[in-house]
K.L.:
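Submitted below is the structure of interest, expressed as structure tokens.
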There are 2 protein chains.
Amino acid sequence: MSAESKNATQRSDARRAQILAAASDCFRAYGFHGASIARISEASGMSAGHIYHYFENKEAIIEAIVEQDIERLLTLNTELRSASDIKGALIERAAEGVEGKLNPHSAGLQMEIMSEAARNPRMAAFVQAADQSCLASLTETIRSLRHMAGHKDSDTAILGMAEVIAAMFEGLQFRVIRNPRIDKDIIIPIFRRAIHDLLNQPSLGIE
Amino acid sequence: MSAESKNATQRSDARRAQILAAASDCFRAYGFHGASIARISEASGMSAGHIYHYFENKEAIIEAIVEQDIERLLTLNTELRSASDIKGALIERAAEGVEGKLNPHSAGLQMEIMSEAARNPRMAAFVQAADQSCLASLTETIRSLRHMAGHKDSDTAILGMAEVIAAMFEGLQFRVIRNPRIDKDIIIPIFRRAIHDLLNQPSLGIE
DNA sequence: CCATGTAGAATGAGCGCTCAAACTAGAACG
DNA sequence: CGTTCTAGTTTGAGCGCTCATTCTACATGG
């Protein structure tokens, strides 16, 4: 690749990023369908027509943003898995997780994504695939934890624990909208303890 | 009120209900902003213009549906509170709660409502007021439970427990979209146990 | 014959998206 | 060095359409 074309690609990538950032703000403020191309173009400081040089259509912008969001989630996930002390990491990182989920900004976008996924099969497949990956990682972590502690669990039981832990964290994104006064410093120790207890539930051999 | 006007009111109420039912379906399928008046009118079997005899505008329809949904939540809440054996009721009703939250139909509408609340202050005030009521009820229940068990907790600690329990249940509405294969029969016993453990956490005297 | 219920065409705004033209900057050339 | 050429970038008017909402006209039962 020549230097010129590389610069061109860089500039083009920058424009794409510029659009995505502006669109992200607009989607948060007006929703996927309420945010018009006109508004996005204004927010990104370029003409409406120009946006179509970088994205095929509005749907493609939405998908790019969801993809971005999911990518962030997945890298966070692999980071956690590569920790040396798994159990410590899980409990320790709980604080981070709580804080992240309690960010109203990201919660708003997440609501938008999920409400879209609830009715758009394409989007549903997207978030479900990402979730499978996260869930697989989390169950593996729990499995080794439980095994080390001498528990005998069925696969479904371990999956269930993972689901409940996931529900706890994701539920915070509801909570921060329903009650913006929620205090993370109160929540974190209760969360830590709850996760600890959950991972020490008696063996569940249901199959 | 005369018999005639009463009949008229009844018929009018029936029409309103008819519109709300149709609109509810459309909103689930297309979202608040994606569902057009034309579609709602078709689904409700009446003309577009006629809808404006019963609702001032589209916003009013949305609000009526949210109001309906919240009312259902609040009556469920008072029901729980009037149970004779509070602790038993809380653990027992967990199964019902899990099942309810795992209904994809209601989860979809809830996502829609919450994503709207995340950007529309009017809607936000609505769901926050309803949540205050539910939270107050739940904290009162937890307070008496913990007091009977001899624990000494600060108000904020009890509020924190309520928040975490709420997050668990509400999080299931995320889960059912992210992973439609989730199995309630696995989840329920883990939930019961987790709530039990949560309510038996050591005293938290933070203030 | 009036009040109310109902329909559906009309209205103007705003939508996503296209496209021909204008602009820009660097290459090629004399 | 100045001038033309060229190819990519950017614009904004405008197309066809759908939207929420309004208006006019008709039906119908008391």
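Order of the sequence lines sets the chain letters (A, B, ...), proteins ahead of strands, with each chain counted from 1.
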K.L.:
What residue among A:Gln128, A:Glu170, A:Glu163 forms side chain to side chain contact (heavy atoms under 4.5 Å, CB included) with B:Arg178?
P.N.:
A:Glu170
K.L.:
Are any of A:Ser36's side-chain N or O atoms less than 4.0 Å away from OP1 or OP2 of C:dG14?
P.N.:
no
K.L.:
Should B:Asp131 and A:Arg175 count as an ion pair when the cut-off is N to O under 4.0 Å?
P.N.:
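Between A:Arg175 and B:Asp131 there is a salt bridge, with a charged N closer than 4.0 Å to a carboxylate O.
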K.L.:
Indicate whether any N or O donor in one side chain lies under 3.5 Å from an N or O acceptor in the other, for A:Arg28 and A:Ser24.
P.N.:
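Result is yes, a qualifying pair exists.
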K.L.:
Find the distance B:Glu59:CD to D:dC19:P and express it as a whole number of Å.
P.N.:
18 Å
K.L.:
Could you tell me whether a side-chain N or O of B:Lys101 sits under 3.5 Å from a main-chain N or O of B:Met168, the two making a donor and an acceptor?
P.N.:
no
K.L.:
Check the distance between D:dC19's C1' and A:Tyr30's OH and give it to me in whole angstrom.
P.N.:
18 Å
K.L.:
I need the CD1-P distance between A:Ile51 and D:dT11, as an integer number of Å.
P.N.:
10 Å
K.L.:
I need the CZ-P distance between B:Phe55 and D:dT22, as an integer number of Å.
P.N.:
16 Å
K.L.:
Respond yes when some side-chain nitrogen or oxygen of B:His50 is under 4.0 Å from OP1 or OP2 of C:dA7, and no when none is.
P.N.:
yes
K.L.:
Kindly point out which of D:dT10, C:dG16, C:dC15 is positioned nearest to the side chain of A:Ser47?
P.N.:
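So the nucleotide nearest the side chain must be D:dT10.
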K.L.:
Atom CD1 of B:Ile40 and atom P of D:dC19: how far apart are they, to the nearest Å?
P.N.:
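Taking atom P of D:dC19 as the reference, CD1 of B:Ile40 is at 11 Å.
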K.L.:
Output yes when a side-chain donor or acceptor of B:Gln173 lies under 3.5 Å from a complementary backbone atom of B:Met111, and no otherwise.
P.N.:
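Judged by distance alone, no pair lies under 3.5 Å.
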K.L.:
Could you state the CD1-P distance from A:Ile37 to C:dG16, rounded to the nearest angstrom?
P.N.:
5 Å
K.L.:
Are B:Arg15 and C:dT6 close enough that a side-chain N or O sits under 4.0 Å from OP1 or OP2?
P.N.:
yes
K.L.:
How many Å lie between OH on A:Tyr52 and P on C:dC15, as a whole number?
P.N.:
11 Å
K.L.:
On DNA chain C, check which nucleotide each of A:Ala38 and A:His53 is closest to and give me the residue with the more 5' one.
P.N.:
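The 5'-side residue here is A:Ala38.
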K.L.:
By nearest heavy atom, map B:Met46 and A:Lys58 onto DNA chain C; which one lands nearer the 5' end?
P.N.:
B:Met46
K.L.:
Please report the distance, rounded to the nearest Å, between CD in A:Glu42 and C1' in C:dC15.
P.N.:
15 Å
K.L.:
Please work out if A:Tyr54 contacts a base, only the sugar-phosphate, or nothing of the nucleic acid, heavy-atom cut-off 4.0 Å.
P.N.:
sugar-phosphate
